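Quantities reported herein were computed from a predicted structural model and do not represent experimental measurements.
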Amino acid sequence: MFERLPTVPTSQELVDRAFRRSKRAATGKKKDEAMLMTAGNILADNLTNLVRKYPSFMNIPPFYHDLADAAVGVDEMRVHLSRVSWAGSTIRSITRDHLTRMKGAQDKPLVRRAAFGRMASVMKSIDPDLLFLNDARQKLRVLPTVDPDLPTIIVAGYPNVGKSSFISAVSGARPEIASYPFTTRGVGVGHFTRGHQRYQVVDTPGLLDRPLSAKNEIELQAVAALRHLRGAVLFILDPSEYCGFSLEEQLRLLADVKSWLSLPVLVVANKVDLAGYQGAEMGMSTLSGDGVAEVLDRMVEMLESLEGGELENRKEG
């Protein structure tokens, strides 16, 4: 979604580039006009193209909209993009106005220098906007490569309960680890196919592995984005408590997740070769592989049920 966002130069870098190029255009009788048009076009085109390369945040998938909002603030982003767009339009106006003045001017270099001064002033005024956009670009480019259109198993539970092992077991490979701006660890993403349907399995460290009360505002927004996925939650418990968290703590986290994430949840006890838990809906051992296929079948059924419900809602609508 955001991988191709361009590097945003500083205002001084753009001004230096434009004025340097304008000197090369200083040939012939109308050298001042050529210099002015060259500098004005370079600045205005760079600013306009920069704004165009950012997606319309009104039209991107809600999942990515909410992630972008958590990462950089969509409303603030719009303000900065609007100011850059304004600067591009203003520089075009400055260019046109001063080209008109040159037609009857006795001292064309004076008119050109006045135009360059105004352009430089406009560019200096948007330097904070360009700095913000470049910083935002760095954050947006590392948002996880999760496809919001794929049916998704969202894996939850405390660290070390077997989430990564489950993803590895069902996807046939180690999960792809992508950077995640909301946590210190990367999000794990695996894929598998049933028939002609492709599915993804996602683990979001730092978001669904601790209570809601322990999250900051940005993390809460990132969690909210998960509601937009076509998904169901696999909550993994470790009854053996070798994960470092008591079963009581894990059950409190389960209740916490159910209270604010409005997606269907399947509760599965892992490491059942070490300890069992009757309160879980299913059991498995990601170490031996026992029960993993059955859990995956159940999750696929839940996702298919969700898809069927969506189709019914569309028909009724």
Side-chain angles (χ1 to χ4, degrees), residues 1-60 64-65 67-69 71-143 179 181:
M1 179 60 63
F2 303 108
E3 286 179 355
R4 296 184 180 179
L5 288 178
T7 301
V8 182
T10 65
S11 61
Q12 191 60 54
E13 287 171 340
L14 284 172
V15 167
D16 290 345
R17 184 187 310 168
F19 291 176
R20 186 168 56 247
R21 289 278 298 277
S22 74
K23 290 180 180 179
R24 298 178 194 168
T27 58
K29 293 182 179 180
K30 295 188 175 182
K31 64 179 182 180
D32 289 294
E33 289 91 338
M35 291 176 70
L36 177 54
M37 287 184 64
T38 299
N41 287 339
I42 288 175
L43 289 173
D45 288 349
N46 270 275
L47 297 178
T48 301
N49 290 334
L50 173 64
V51 173
R52 285 177 179 166
K53 287 178 180 177
Y54 277 79
S56 168
F57 288 96
M58 296 295 291
N59 299 323
I60 65 174
Y64 276 109
H65 178 281
L67 280 189
D69 196 31
V72 300
V74 167
D75 288 342
E76 189 172 2
M77 171 79 72
R78 286 195 185 114
V79 170
H80 291 290
L81 287 171
S82 177
R83 283 185 48 78
V84 172
S85 181
W86 161 83
S89 299
T90 301
I91 287 173
R92 289 195 194 281
S93 295
I94 291 170
T95 304
R96 287 194 303 268
D97 291 347
H98 285 74
L99 282 172
T100 300
R101 295 181 191 180
M102 277 186 179
K103 291 179 180 179
Q106 296 295 319
D107 190 347
K108 290 185 179 182
L110 180 64
V111 176
R112 172 180 52 79
R113 288 194 295 271
F116 280 9
R118 289 189 60 191
M119 289 178 186
S121 179
V122 169
M123 292 300 298
K124 185 176 181 180
S125 74
I126 63 164
D127 197 49
D129 304 288
L130 295 174
L131 292 172
F132 175 92
L133 292 175
N134 197 51
D135 181 61
R137 168 190 178 266
Q138 303 300 330
K139 295 175 181 176
L140 291 173
R141 289 180 73 250
V142 298
L143 288 177
S179 298

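Residues K53 and P6 share a closest heavy-atom pair of CD-CG, 3.7 Å. Closest of all the heavy-atom pairs between M102 and K108 is O-CE, 3.2 Å. When all heavy atoms of F57 and L81 are compared, the closest pair comes out as CE1-CD1, 4.4 Å. What you find for S85 and V51 is that their closest heavy atoms are N-CG2, 3.9 Å.
Under the 3.5 Å distance criterion, the side-chain polar atoms of D69 are left unmatched by any main-chain donor or acceptor of H65. The backbone N or O of F2 sits nowhere less than 3.5 Å from a side-chain atom of R141 that would complete a donor-acceptor pair. Proximity of a side-chain donor or acceptor of D129 to a complementary backbone N or O of R83 within less than 3.5 Å is not detected. In this structure, N134 contributes its side chain and L130 its backbone to no donor-acceptor pair below 3.5 Å. Between the R137 side chain and the L5 main chain, a donor and an acceptor come within less than 3.5 Å of each other. For T95 (side chain) and I91 (main-chain N/O), a donor-acceptor pair under 3.5 Å exists by modelled atom type. A donor-acceptor distance shorter than 3.5 angstrom exists from the side chain of T38 to the backbone of A34, with no hydrogens or angles considered. Although no hydrogens or angles enter the test, the distance criterion places no donor-acceptor pair under 3.5 Å between the side chain of Y54 and the main chain of M77. Side-chain N or O atoms of Q138 include none that pairs as donor or acceptor with a backbone N or O of D135 at under 3.5 Å.
Below 30°, between 30° and 60°, or above 60°: for H80 and F132 the angle between ring planes is below 30°, a parallel geometry.
Atom CD1 of I94 is separated from atom CG of L99 by 12.0 Å, given to the nearest 0.5 angstrom. The CG atom of L43 sits 6.5 Å away from the CE atom of M119 when rounded to the nearest 0.5 Å. Interatomic distance, S22 OG to M35 CE, rounded to the nearest 0.5 Å: 4.0 Å. Taking CZ of R21 as the reference point, atom CD1 of I42 lies at 4.0 Å (rounded to 0.5 Å). One finds the CG atom of D32 at 12.5 Å from the NE2 atom of H98 (value rounded to the nearest 0.5 Å).
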- Item | Verdict with supporting geometry, D45 and R92, salt bridge (charged side-chain N to carboxylate O under 4.0 Å, His left out) | CA-CA 9 Å; D45 288 349; R92 289 195 194 281; 2.7 Å; yes
- Query: Taking it one step at a time, do R118 and R113 satisfy side chain to side chain contact (heavy atoms under 4.5 Å, CB included)?
  - Reply: CA-CA 9 Å; R118 289 189 60 191; R113 288 194 295 271; over 6 Å; no
- Item | side chain to side chain contact (heavy atoms under 4.5 Å, CB included) assessment of I126 paired with M123 | CA-CA 5 Å; I126 63 164; M123 292 300 298; 4.2 Å; yes
- Apply the test salt bridge (charged side-chain N to carboxylate O under 4.0 Å, His left out) to residues K124 and D127: give CA-CA distance (whole Å), side-chain angles for both, the deciding distance (0.1 Å), then the verdict. CA-CA 5 Å; K124 185 176 181 180; D127 197 49; over 6 Å; no
- Stepwise salt bridge (charged side-chain N to carboxylate O under 4.0 Å, His left out) check, D97 with R101: CA-CA 6 Å; D97 291 347; R101 295 181 191 180; 5.5 Å; no
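Checking S93 against R96 by side-chain atom types alone, a donor-acceptor pair falls below 3.5 Å. Remark: the S82 side chain and the W86 side chain contain no N/O donor-acceptor pair separated by less than 3.5 Å.
Both the sub-6.0 Å distance and the 45° axial angle are not jointly satisfied by R17 relative to the ring of F19.
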